[in-house]
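In what follows, every chain begins at residue 1, and chains take the letters A, B, ... in the order their sequences are listed.
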There are 2 protein chains.
Amino acid sequence: MSDRRQISMAVVRRLPKYHRYLLELISNDVDRISSKELSEKIGFTASQIRQDLNNFGDFGQQGYGYNVKELYNQIGNILGLNETYNTIIIGAGNIGQAIANYSNFSKLGFTNQAIFDKNPKLIGLKIRDIAILDVEFLEDYLKKNNIDIGILCTPREQAQEITDTLVKNGVTAIWNFAPIDLQVPDNVVIENVHLSESLLTLTYRLNEPKLLHDIKK
Amino acid sequence: MSDRRQISMAVVRRLPKYHRYLLELISNDVDRISSKELSEKIGFTASQIRQDLNNFGDFGQQGYGYNVKELYNQIGNILGLNETYNTIIIGAGNIGQAIANYSNFSKLGFTNQAIFDKNPKLIGLKIRDIAILDVEFLEDYLKKNNIDIGILCTPREQAQEITDTLVKNGVTAIWNFAPIDLQVPDNVVIENVHLSESLLTLTYRLNEPKLLHDIKK
DNA sequence: AAGCAGTTGTTAATATATTAACTATAATGT
DNA sequence: ACATTATAGTTAATATATTAACAACTGCTT
């Protein structure tokens, strides 16, 4: 019996971290681990770890703990890493190029198939053997190729329009680096990487001690 | 009287978004806005907006709403944008270069003062007039220059060691792009940008409908 | 000038997330 | 084989975060 309760984002955001720590354990030849031991490494409570994992299945065994390799694979599957993903990058500026060059994603099963830009100076250049194409051809390209994830690295001004094109042509996942909140239908998932916002939370915390001393009440 | 209650990260992470939307309102010549109107734009509830802002002061006026420019400035101050920040980038790979090239941060008051790497092929090259220095000289540099934020873009293997050097020499804020959880003393603040983790939450959600259908119970 | 509509700041209620406690079970040692 | 220890899964308690309700106040209209 399935019960289909939606898993909270708080839980989902911890899953990749479990995945990462388990891989580290594997490379250290650790075969089994208890929620308590893992909690000491990863910094969540043992209780939280058991709660999190239990959302998806009974992966452990009482009196024993979790088999590291098995748990790693299970979490990989939960994260969808049993499949591979075709991506395209739109926007070959700083971030777009950095993502295109970054090789670690291919290890996880992501293959970048194309890069688009509107700058004539960039069109035709190659990044890791992938030519930068004219964004004019984006819609055409999407009709002919099966793309799972659009990686949006354009300036803010173009982001919504490109998004509309992606969505219209069947892309249902967008990794968004543009500093804007995109409007999409319910079936499309978006993950934002808002670098400026991230940086500003850092300056907030850098100044917080002073600040809390000053404010009202 | 101050009461110094620590503001929750949930609130802090919304502040930059208020800041961004308020700037947009300013550029659209909007003078005043109510929590209700803002809630429709930004997608938080009006109640949450009032609660969030009220952590820091009484910025609004009953029957009127909030003065956009004033609120923008207040939130800027809360985020520490009344000050400027000297940054250095450690690691001149894809991400390091992208951040170095990205000009938007300087508008917010961040000045990147130096870039470090250990690759002899990169040392000496310039990015936006800033030469890439040998990471051997990092400690020396930190002793002579006042750096507020270290932007860590090295591979995982070097990240903790560099962090230790930064911390030892007085850097109390680290913006970390390396896929690792850094160990630092309590007075040092860290903001992680874990791109792989971000991407994996996207694939999770892309596959969630299937997944929730299958799992136990 | 009075009353109405709008809106905040704040308190109360609800919902969500985290942590702790407990129960059942498996592994281990003697 | 039995007793002991370890540990997961699960339920209960607590803490946190979000949303709703409301009283106090402001600005606007007539």
Side-chain angles (χ1 to χ4, degrees), chain A residues 1-15 17-18 21-22 25 30-72 74-75 78 201 212 215-217, chain B residues 1-15 17-18 22 25 30-72 74-75 78 201 215-217:
Chain A
M1 272 295 276
S2 69
D3 71 351
R4 297 172 203 223
R5 193 167 31 96
Q6 155 113 359
I7 307 295
S8 80
M9 271 312 281
V11 174
V12 175
R13 293 210 175 278
R14 285 191 290 267
L15 294 176
K17 206 165 159 185
Y18 292 123
Y21 274 83
L22 288 164
L25 289 169
V30 179
D31 285 337
R32 63 185 255 193
I33 194 158
S34 68
S35 58
K36 182 154 173 290
E37 288 173 294
L38 187 55
S39 92
E40 283 154 15
K41 288 195 181 293
I42 209 170
F44 308 148
T45 63
S47 197
Q48 180 160 72
I49 292 170
R50 293 200 300 276
Q51 290 270 22
D52 283 352
L53 298 179
N54 237 217
N55 283 304
F56 301 100
D58 298 350
F59 302 137
Q61 209 162 6
Q62 283 131 323
Y64 175 86
Y66 299 88
N67 178 290
V68 173
K69 254 183 201 150
E70 190 201 309
L71 186 57
Y72 174 77
Q74 291 279 10
I75 293 177
I78 292 165
T201 68
L212 292 189
I215 58 177
K216 67 151 194 176
K217 272 189 198 156
Chain B
M1 270 301 275
S2 69
D3 69 356
R4 295 171 204 228
R5 173 177 43 89
Q6 157 112 357
I7 307 294
S8 80
M9 270 312 281
V11 175
V12 175
R13 293 211 176 278
R14 285 191 290 267
L15 294 176
K17 207 166 160 186
Y18 292 124
L22 287 164
L25 289 169
V30 178
D31 284 336
R32 63 183 255 193
I33 194 159
S34 68
S35 57
K36 182 154 173 287
E37 288 172 294
L38 187 55
S39 90
E40 282 153 15
K41 287 194 181 294
I42 209 169
F44 309 148
T45 63
S47 195
Q48 180 161 71
I49 293 171
R50 294 201 299 278
Q51 289 270 23
D52 283 351
L53 298 178
N54 237 214
N55 283 306
F56 301 100
D58 298 351
F59 302 137
Q61 209 164 8
Q62 284 132 325
Y64 175 87
Y66 299 89
N67 178 290
V68 172
K69 253 183 202 152
E70 190 200 310
L71 186 56
Y72 174 77
Q74 290 280 11
I75 293 178
I78 292 165
T201 68
I215 58 179
K216 67 151 193 174
K217 274 194 194 153

Heavy-atom check, side chain of A:Y21 versus side chain of A:I75, under 4.5 Å: no

Sugar-phosphate only, base, or nothing, as touched by B:F59 at under 4.0 Å among non-hydrogen atoms: sugar-phosphate

Contact pattern, 5' to 3', of nucleotides 22-30 of chain D - B, S or - by protein heavy atom under 4.0 Å: --BBBS---

Test item: B:E37 and B:K41 side chains (from C-beta on) under 4.5 Å apart, heavy atoms: no

Distance below 4.0 Å between A:S8 side-chain N/O and C:dA17 OP1 or OP2: yes

Separation of C:dG6 C1' from B:I33 CD1 (nearest whole Å): 15 Å

Partner of B:L25 under side chain to side chain contact (heavy atoms under 4.5 Å, CB included), chosen from B:D31, B:V30, B:L71: B:V30

Atom-pair distance (CD on A:Q51; C1' on C:dA21), nearest Å: 12 Å

Length of the CG-C1' vector between B:L71 and C:dT7, whole Å: 14 Å

Ring centers of A:Y72, A:Y18 separated by less than 6.0 Å: no

Side-chain (A:D58) to main-chain (A:N54) donor-acceptor, under 3.5 angstrom: no

Presence of A:R13 side-chain N/O under 4.0 Å of C:dA17 phosphate oxygens OP1/OP2: no

d(CG, A:N55; P, C:dT16) in whole Å: 14 Å

Short side-chain N/O contact to C:dT19 OP1/OP2 from A:T45, under 4.0 Å: yes

Any donor-acceptor N/O pair under 3.5 Å between D:dA8 base and A:S35 side chain: no

A:L53 CG to D:dG9 P, straight-line distance once rounded to whole Å: 7 Å

Side-chain N or O of A:N54 closer than 4.0 Å to phosphate OP1/OP2 of D:dT10: yes

Which atom of B:T45 lies closest to which atom of B:S39, heavy atoms considered: C-CB, 3.8 Å

Cation over ring face, B:R32 and B:Y66, 6.0 Å, 45°: no

Spacing of B:Q74 atom CD relative to C:dG9 atom P, expressed in whole Å: 11 Å

Sugar-phosphate only, base, or nothing, as touched by B:S34 at under 4.0 Å among non-hydrogen atoms: sugar-phosphate

Length of the OH-C1' vector between B:Y66 and C:dT7, whole Å: 9 Å

Rounded distance in Å - CG (A:N67) to C1' (D:dT7): 15 Å

